[in-house]
K.L.:
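Have a look at this one.
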Amino acid sequence: MSRHVAIVTDSTAYLPPQTMERHGITAVPLTVVIGDRALEEGTEISARSLAQALQKRRPVTTSRPSPEVFAAAYRAAAEAGARSIVSLHLSAEVSGTYDAAVLAAKDAPVPVRVVDTRMMGMALGFCALAAAEVAEAGGSLDEAVAAAEKRAAGTSAFFYVDTLEYLRRGGRIGAAQALLGSALAVKPLLELEGGRIELREKVRTASKAIARLEEIAVERAGSGPVDVAVHHLSAPERAAVLAERLRERLTGVEALQVSEVGAVIGAHTGPGLLAVVVSPR
């Protein structure tokens, strides 16, 4: 890595491998535990395997990277020539990943700025890309951090899940909210708000929920230049249809990516997830 500012993120950014390679971004993996097996996201467990485990009701949990794993990533970046590092991570409201990075940064061989983006999925990925673009242009550590924080402030993430049960099991949404959705037989639309997963709307059917997801994305995108990502878990057809509808309706799309989420986010949302990330440039 020849540039002076290195970019580190974590595996929940769900950036395509070729994109990370092209921009010199390093992703530190989180871990998924199925039964008594601990598996690294992105290398040791696929979204399909995770979905199968959930459908069989096998016990599934997730865990943050250790500070030692972050320390190794920071050393590698320094040895490759980086004079400073921006370390961008999923919301500290839902994971201890940020805290582990902060611990590792204290003893890193070069200055490390750890940023809680309060995002996840490509909402985090777009932040990492914003920082990487500044670093590639010769920007400073402060400039790369500012670019990531600006992108995070303007980015929105909305998602539909077939059931709130997986979020309830993982403690990512309150039991009362989960019970409400189940009792009323509604389909929940959720959003990232202040780094937390919040119930935005309750819709009666899956088709109406997905149509509403499209409307929310169009409203939030406006007419300016915007990057969009559509995520899913075991719902490729739904994702493809939604992405095509957004391509037709959004005039300022710079990039529109469709991808299946990895095992960590999938463990907390369950199969059937459909999400849209809207990130103005």
Side-chain angles (χ1 to χ4, degrees), residues 5-15 19-20 23 25-28 84-99 101-102 105 111-159 172-173 189-201 213-231 246 250-257 259 261 264-265 275-281:
V5 181
I7 310 301
V8 173
T9 186
D10 60 66
S11 60
T12 69
Y14 301 138
L15 289 164
T19 298
M20 291 197 297
H23 293 282
I25 299 170
T26 298
V28 174
S84 60
I85 299 168
V86 182
S87 198
L88 302 154
H89 301 293
L90 81 162
S91 174
E93 293 283 349
V94 298
S95 171
T97 300
Y98 167 81
D99 294 329
V102 169
V112 179
R113 291 276 294 280
V114 183
V115 179
D116 174 9
T117 66
R118 306 181 80 79
M119 296 286 155
M120 63 184 74
M122 273 302 296
L124 167 59
F126 287 135
C127 296
L129 286 172
E133 289 168 359
V134 169
E136 288 166 357
S140 67
L141 173 64
D142 287 344
E143 288 169 336
V145 169
E149 291 179 336
K150 181 178 179 180
R151 180 60 78 99
T155 296
S156 303
F158 308 95
F159 54 108
R172 266 61 180 188
I173 197 166
L189 284 178
L190 303 108
E191 66 180 318
L192 276 177
E193 182 68 36
R196 299 179 63 85
I197 297 168
E198 301 289 353
L199 188 60
R200 178 186 173 96
E201 298 177 17
L213 194 62
E214 176 188 330
E215 292 302 324
I216 292 170
V218 170
E219 291 166 9
R220 188 57 57 95
S223 58
V226 64
D227 292 323
V228 176
V230 176
H231 285 310
L246 292 174
L250 298 178
T251 58
V253 173
E254 297 282 323
L256 198 160
Q257 175 179 312
S259 63
V261 297
V264 168
I265 288 181
V276 180
V277 176
V278 179
S279 185
R281 283 185 173 257

K.L.:
Given side chain to side chain contact (heavy atoms under 4.5 Å, CB included), test Glu149 with Thr117 step by step and report yes or no.
P.N.:
CA-CA 7 Å; Glu149 291 179 336; Thr117 66; over 6 Å; no

K.L.:
Hey, which of Thr155, Val230, Asp227 is the one that makes side chain to side chain contact (heavy atoms under 4.5 Å, CB included) with Val277?
P.N.:
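Output: one option passes, namely Thr155.
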
K.L.:
Kindly indicate whether the side chain of Val94, heavy atoms from C-beta on, has any atom under 4.5 Å from the side chain of Met120.
P.N.:
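SC-SC contact between Val94 and Met120 confirmed.
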
K.L.:
Does the side chain of Leu129 come within less than 4.5 Å of Ile25's, by heavy atoms?
P.N.:
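A side-chain contact exists here, since the closest heavy-atom pair is under 4.5 Å.
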
K.L.:
Should Glu201 and Ile216 count as side-chain neighbours, where that means a heavy-atom distance under 4.5 Å?
P.N.:
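A side-chain contact exists here, since the closest heavy-atom pair is under 4.5 Å.
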
K.L.:
Between Phe159 and Leu213, which heavy-atom pair has the shortest distance, and what is it?
P.N.:
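Closest pair (atom of Phe159, atom of Leu213, distance): N-CD1, 3.9 Å.
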
K.L.:
With sequence neighbours excluded, what pairs up with Ser84 under the side chain to side chain donor-acceptor pair (under 3.5 Å) test?
P.N.:
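Here no residue qualifies.
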
K.L.:
I want to check something: taking the side chain as every heavy atom from C-beta on, are Arg220 and Phe158 in contact at a cut-off of under 4.5 Å?
P.N.:
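Side chain of Arg220 against side chain of Phe158, heavy atoms only: contact under 4.5 Å found.
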
K.L.:
Give me the atom names and distance for the closest heavy-atom approach of Gly195 to Ser91.
P.N.:
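For Gly195 and Ser91, the tightest heavy-atom pair comes out as O-OG, 2.7 Å.
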
K.L.:
I need the minimum non-hydrogen distance between Ala92 and Asp116, along with the two atoms involved.
P.N.:
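Shortest heavy-atom contact: N-OD1, 3.2 Å.
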
K.L.:
In the structure I gave you, are the side-chain heavy atoms of Val226 and Val253 within less than 4.5 Å of one another anywhere?
P.N.:
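A side-chain contact exists here, since the closest heavy-atom pair is under 4.5 Å.
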
K.L.:
How close do Ala131 and Ala148 get, heavy atom to heavy atom, and via which atoms?
P.N.:
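Nearest pair, atom of Ala131 first, then Ala148: CB-CB, 4.2 Å.
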
K.L.:
Checking Glu133 now: which residues fulfil side chain to side chain donor-acceptor pair (under 3.5 Å) with it, not counting sequence neighbours?
P.N.:
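Residues passing side chain to side chain donor-acceptor pair (under 3.5 Å) with Glu133: none at all.
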
K.L.:
The criterion is salt bridge (charged side-chain N to carboxylate O under 4.0 Å, His left out); which residues satisfy it with Glu93, sequence neighbours excluded?
P.N.:
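For Glu93, the residues satisfying salt bridge (charged side-chain N to carboxylate O under 4.0 Å, His left out) (neighbours in sequence not counted) are Arg118, Arg196.
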
K.L.:
For Ser87, give me all partners under side chain to side chain donor-acceptor pair (under 3.5 Å), at least two apart in sequence or on another chain.
P.N.:
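Ser87 satisfies side chain to side chain donor-acceptor pair (under 3.5 Å) with Tyr74, His89 only.
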
K.L.:
Would you say Thr9's side chain and Leu88's backbone share a donor-acceptor pair under 3.5 angstrom?
P.N.:
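The answer is yes, because a donor-acceptor pair under 3.5 Å joins these two groups.
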
K.L.:
Any idea which heavy atoms bring Asp10 and Leu124 closest together, and the distance?
P.N.:
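Answer, listing the atom of Asp10 first, then Leu124: OD1-CD2, 3.7 Å.
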
K.L.:
To the nearest 0.5 Å, what is the distance between NE2 (His23) and CG (Leu15)?
P.N.:
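His23 atom NE2 to Leu15 atom CG measures 8.5 Å (nearest 0.5 Å).
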
K.L.:
Using side chain to side chain donor-acceptor pair (under 3.5 Å) as the criterion, list what pairs up with Tyr14, not counting sequence neighbours.
P.N.:
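Partners of Tyr14 by the side chain to side chain donor-acceptor pair (under 3.5 Å) criterion, ordered by chain and then number, come out as Glu41.
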
K.L.:
Just do the side chain to side chain contact (heavy atoms under 4.5 Å, CB included) check on Leu192 and Ile197 with the steps written out, would you?
P.N.:
CA-CA 5 Å; Leu192 276 177; Ile197 297 168; 4.2 Å; yes

K.L.:
Run the side chain to side chain contact (heavy atoms under 4.5 Å, CB included) check on Glu191 and Ser156 step by step: do they pass?
P.N.:
CA-CA 8 Å; Glu191 66 180 318; Ser156 303; over 6 Å; no

K.L.:
Using every non-hydrogen atom in the two residues, find where Ala221 and Val278 come nearest and quote the distance to one decimal.
P.N.:
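Heavy-atom minimum between the residues: CA-CG1, 3.7 Å.
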
K.L.:
Not counting sequence neighbours, which residues clear side chain to side chain contact (heavy atoms under 4.5 Å, CB included) with Asp142? List them please.
P.N.:
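Expected list: Arg113, Ser140.
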
